[in-house]
S.K.: 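Sharing a structure here in structure tokens format.
A note on names: the letters A, B, ... follow the listed sequences, proteins ahead of strands, and every chain is numbered from 1. The structure displayed is predicted, hence computed values, not measured ones.
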Amino acid sequence: MIKFLNTLTHRIEDFHPITQGEVRMYTCGPTVYSYAHIGNFRTFLFEDLLRRFLKFSGLRLTQVMNITDVDDKTIRDSKAAGQSLRDFTEKYTEAFFSDIATLGAERAEIYPRATDHIDEMVTLIKKLLESGHAYEKDSSIYYRIKSFPSYGRLSGINPDDLQDGISSDVDEYEKESPKDFALWKTAKEGEPFWETEIGPGRPGWHIECSAMSMKYLGESFDIHTGGVDNIFPHHENEIAQSEAVAGKPFVKYWLHCQHLIVEGEKMSKSKGNFFTLRDLLADGVDPMAIRYLLLSVHYRQMMNFTRNGLEGAASSLRRLTDFLRSIRDTTFVEKNTGDLSPVIKEARRRFIDAMESDLNSSGALGAIFELVRDVNTALQRDGVTRVEAAQIESLFSDFNRVFGVLVPPKTVDDQDILQLIEERKGARARRDWKRADEIREKLQRLGIILEDAAKGTRFKRV
RNA sequence: GGCGGCGUAGCCAAGUGGUAAGGCAGAGGUCUGCAAAACCUCUAUGCAUCGGUUCAAAUCCGAUCGCCGCCUCCA
């Protein structure tokens with residue numbers, strides 16, 4: 001049974017999709033005004049892990065991830081760049097797709113752009129105006145929080161307790177209550193706007209997610225995710241908007257990913273610890289090590305992203321890939337002293353149990369690594385049978401369907417490397433260790449590690 | 001001020017009542033021409049501190065200390 005901690009109830013709950021066998025999920029996507037940073041990717045990869053595990057569990061899945069391509073920041077920065085909003089956001093949208101592909105994330109079914117759904121948003125706003133949940137003030141339109149009694153349920157915030165800080169009202173527009181939020185912002189000089197039935201202007205941030213999620217997933221759907229910072233006000237506002245229109249529960253399970261810090265400090269541009277994927281790749285970091293590291297810590301746990309951790313993740317990953325290779329390279333035995341089948345079965349059970357427990361990825365990895373040790377021990381002692389090897393391959397294949405951290409080894413059989421290995425083989429046969437070591441060292445300088453195994457010499461890149 | 005989270009070895013981290021998973025790093029050993037990989041052994045009588053409940057607590061309760069988040073359209 002899959003269980004999730006539901007932000008809405010603060011409880012671990014059994015997961016029962018609204019329609020049996022089918023999951024409809026909305027994951028808050030990027031605001032495309034710059035390259036996404038490592039913290040953003042933690043959330044996106046958490047969503048990818050969730051996506052993969054739901055599918056692995058046999059559920060049919062429709063995932064929608066929005067692209068926010070109009071808001072204060074995209075407008076501000078496109079202006080600064082001297083580009084149209086569309087051209088500007090297109091650049092970062094493409095960068096986003098390219099980055100998540102590098103990190104091995106599967107594609108969602110639908111990636112709706114906010115600017116392609118202005119009509120849907122206008123329709124919602126009109127309904128909110130008609131029902132008295134929204135009001136117009138100086139040509140902008142606001143949501144009246146007082147009109148929605150359960151406002152604050154998700155975040156546990158009582159609107160009356162909110163500090164009326166000066167900064168909470170950054171808009172110069174007038175509102176009935178400072179806590180009310182903008183659904184529609186009237187057109188301003190020099191800013192993009194849409195000519196609509198509710199006047200010229202642009203949407204507020206929250207309404208896009210209500211409009212697009214309901215359009216593609218229906219008025220009630222199963223899962224909605226995002227970073228913890230979205231709980232309030234973004235997701236709270238989405239609930240208020242959507243339920244006021246539909247009159248039924250908006251989302252059944254809310255899942256929120258905790259933030260990360262970098263080298264023990266909150267990530268910020270001024271501290272210089274603000275990493276994009278490109279920064280890390282330029283530093284020679286393996287994207288799969290980043291993926292592994294980000295997935296290895298439970299998603300609700302604050303994680304500390306460090307250089308040290310990245311190196312550790314790369315080593316852990318290498319242990320897994322080396323293990324798989326030794327399974328593939330080994331000569332099977334007919335019979336061995338210990339039957340591995342129950343061990344493999346137990347590892348699979350523990351892996352799935354952990355993942356079903358609110359995506360306990362650390363526990364799941366623990367199960368995999370224990371199997372690795374047990375099988376390596378068997379390999380050392382006896383060897384494995386063909387049947388056992390097939391069971392291990394099958395488990396690892398399932399593991400990788402969920403984690404997606406093992407990439408097939410590059411099959412670039414570099415002719416020069418093979419030739420040098422062949423030459424070294426001859427040298428070793430002649431017991432010409434000097435020449436053999438020269439070749440090893442030469443290749444090592446090129447990042448090629450030679451390993452002399454029972455079945456001959458093999459190489460890997462570091 | 002309001003709401004919430006966290007504190008487990010050098011580092012990362014699982015474990016929410018039954019006697020401390022796992023990974024990385026480190027030390028010693030086995031194997032190997034050397035090396036790598038792998039394996040074996042070692043590395044927390046203890047889970048921030050102090051009390052309490054219990055036959056039994058890292059796990060439940062209370063207090064204290066420390067760190068952090070949200071309440072600002074930052075994942």
Side-chain angles (χ1 to χ4, degrees), chain A residues 10 12 27-31 36-47 68 71-73 152 155-171 179 181-182 204-206 225-234 237 256-261 264 266-268 292-293 296-298 300-306 308-320 322-323 325-326 350 354 357 360-370 372-373 375-381 428 431-434 436-437 440-441 444 449-454 457-460:
Chain A
H10 289 279
I12 306 248
T27 50
C28 272
T31 301
H37 58 67
I38 199 69
N40 299 123
F41 290 123
R42 180 182 192 199
T43 299
F44 297 140
L45 290 181
F46 146 66
E47 287 157 355
T68 300
D71 80 322
D72 292 347
K73 282 171 300 192
S155 55
I157 283 172
N158 178 346
D160 297 333
D161 290 343
L162 289 184
Q163 278 190 343
D164 292 340
I166 311 135
S167 58
S168 77
D169 199 3
V170 290
D171 296 318
K179 297 128 189 168
F181 59 90
W205 175 36
H206 314 297
T225 71
V228 285
D229 56 298
N230 281 153
I231 296 172
F232 189 90
H234 185 53
N237 292 349
H256 291 96
C257 184
Q258 186 52 262
H259 284 186
L260 57 73
I261 54 177
K266 184 171 173 154
M267 188 168 52
S268 73
Y292 181 95
L293 180 60
S296 66
V297 177
H298 183 85
R300 283 192 286 107
Q301 179 86 29
M302 171 79 75
M303 95 168 277
N304 187 7
F305 187 90
T306 63
N308 197 0
L310 219 34
E311 280 159 21
S315 297
S316 302
L317 210 43
R318 207 171 307 128
R319 181 164 161 87
L320 294 177
D322 284 353
F323 169 73
R325 195 173 54 163
S326 59
R350 285 184 49 210
S357 303
N360 181 354
S361 50
S362 317
L365 286 169
I368 294 298
F369 276 105
E370 273 189 72
V372 168
R373 191 201 50 225
V375 174
N376 270 332
T377 302
L379 232 31
Q380 194 86 6
R381 183 185 58 217
R428 293 180 76 212
R431 306 182 68 81
D432 180 358
W433 309 125
K434 187 163 175 283
D437 287 346
R440 178 194 289 290
E441 281 155 27
Q444 187 153 23
I449 299 287
L450 297 186
E451 295 180 1
D452 297 324
T457 301
R458 60 196 180 191
F459 70 91
K460 66 179 177 185

S.K.: Who does A63(B) pair with, Watson-Crick or G-U, both distances under 3.5 Å?
M.R.: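 Base-paired to U49(B).
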S.K.: If we check side chain to side chain contact (heavy atoms under 4.5 Å, CB included) with Phe305(A), which of these qualifies: Ile261(A), Val297(A), Leu310(A)?
M.R.: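 With Phe305(A) as partner, Ile261(A), Val297(A), Leu310(A) yield a single side chain to side chain contact (heavy atoms under 4.5 Å, CB included), made by Leu310(A).
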S.K.: Using purine N1 to pyrimidine N3 plus N6-O4 or O6-N4 for Watson-Crick, or N1-O2 and O6-N3 for G-U wobble, both under 3.5 Å, which nucleotide pairs with G18(B)?
M.R.: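 When the pairing criteria are applied, C55(B) turns out to be the nucleotide that pairs with G18(B).
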S.K.: Centroid distance below 5.5 Å plus an interplanar angle below 30 degrees: do Trp433(A) and G33(B) meet both conditions?
M.R.: yes
S.K.: So, does Ser315(A) get its side chain near the phosphate of A25(B), meaning an N or O under 4.0 Å from OP1 or OP2?
M.R.: yes
S.K.: Using purine N1 to pyrimidine N3 plus N6-O4 or O6-N4 for Watson-Crick, or N1-O2 and O6-N3 for G-U wobble, both under 3.5 Å, which nucleotide pairs with A9(B)?
M.R.: none
S.K.: Does Glu451(A) come within less than 4.0 Å of Arg325(A), counting only side-chain N to carboxylate O?
M.R.: yes
S.K.: With both distances under 3.5 Å as the test, what is the Watson-Crick or G-U wobble partner of A25(B)?
M.R.: none
S.K.: Using purine N1 to pyrimidine N3 plus N6-O4 or O6-N4 for Watson-Crick, or N1-O2 and O6-N3 for G-U wobble, each under 3.5 Å, what pairs with A37(B)?
M.R.: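 A37(B) is unpaired by these criteria.
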S.K.: Let me know, please, whether Tyr292(A) or His259(A) comes out on the 5' side of the other along RNA chain B by nearest nucleotide.
M.R.: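 The residue mapped nearer the 5' terminus is Tyr292(A).
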S.K.: Using only side-chain N and O atoms of Arg319(A), determine if any of them is under 4.0 Å from OP1 or OP2 of C39(B).
M.R.: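 The answer is yes; a side-chain N or O of Arg319(A) sits under 4.0 Å from OP1 or OP2.
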S.K.: Would you say Asp452(A) and Thr457(A) are linked by a side-chain donor-acceptor pair, where the criterion is simply a distance under 3.5 Å?
M.R.: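 A pair is found: one side chain offers a donor N or O, the other an acceptor, under 3.5 Å apart.
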S.K.: I want to check one thing: is the phosphate of C70(B), taken as OP1 and OP2, less than 4.0 Å away from some side-chain N or O of Lys266(A)?
M.R.: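 Affirmative; the distance criterion is met.
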S.K.: According to the 5.5 Å centroid and 30° plane-angle thresholds, does His37(A) stack upon the nucleobase of A75(B)?
M.R.: no
S.K.: For A44(B), give its Watson-Crick or G-U wobble partner with both distances under 3.5 Å, or none.
M.R.: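 No nucleotide pairs with A44(B).
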S.K.: Contact class for Arg300(A) (heavy atom, under 4.0 Å): base, sugar-phosphate, or nothing?
M.R.: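 No contact.
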S.K.: Using a heavy-atom cut-off of 4.0 Å across all strands, would you classify Leu450(A) as base, sugar-phosphate, or nothing?
M.R.: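 The answer is base, as Leu450(A) lies within the cut-off (heavy atoms under 4.0 Å) of a base atom.
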S.K.: Can you work out whether Met303(A) or Gly156(A) has the more 5'-proximal nearest nucleotide on RNA chain B?
M.R.: Gly156(A)
S.K.: Watson-Crick or G-U wobble partner for U32(B), using a 3.5 Å limit on both distances?
M.R.: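 Across all strands, not a single nucleotide pairs with U32(B).
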S.K.: Should G1(B) form a Watson-Crick or G-U wobble pair with both distances under 3.5 Å, which nucleotide is its partner?
M.R.: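 Partner of G1(B): C71(B).
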S.K.: With a 4.0 Å cut-off on heavy atoms, is Asp452(A) in touch with a base, just the backbone sugar-phosphate, or nothing at all?
M.R.: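 Result for Asp452(A) = base.
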S.K.: Between C24(B) atom C1' and Ile368(A) atom CD1, what is the distance in whole Å?
M.R.: 18 Å
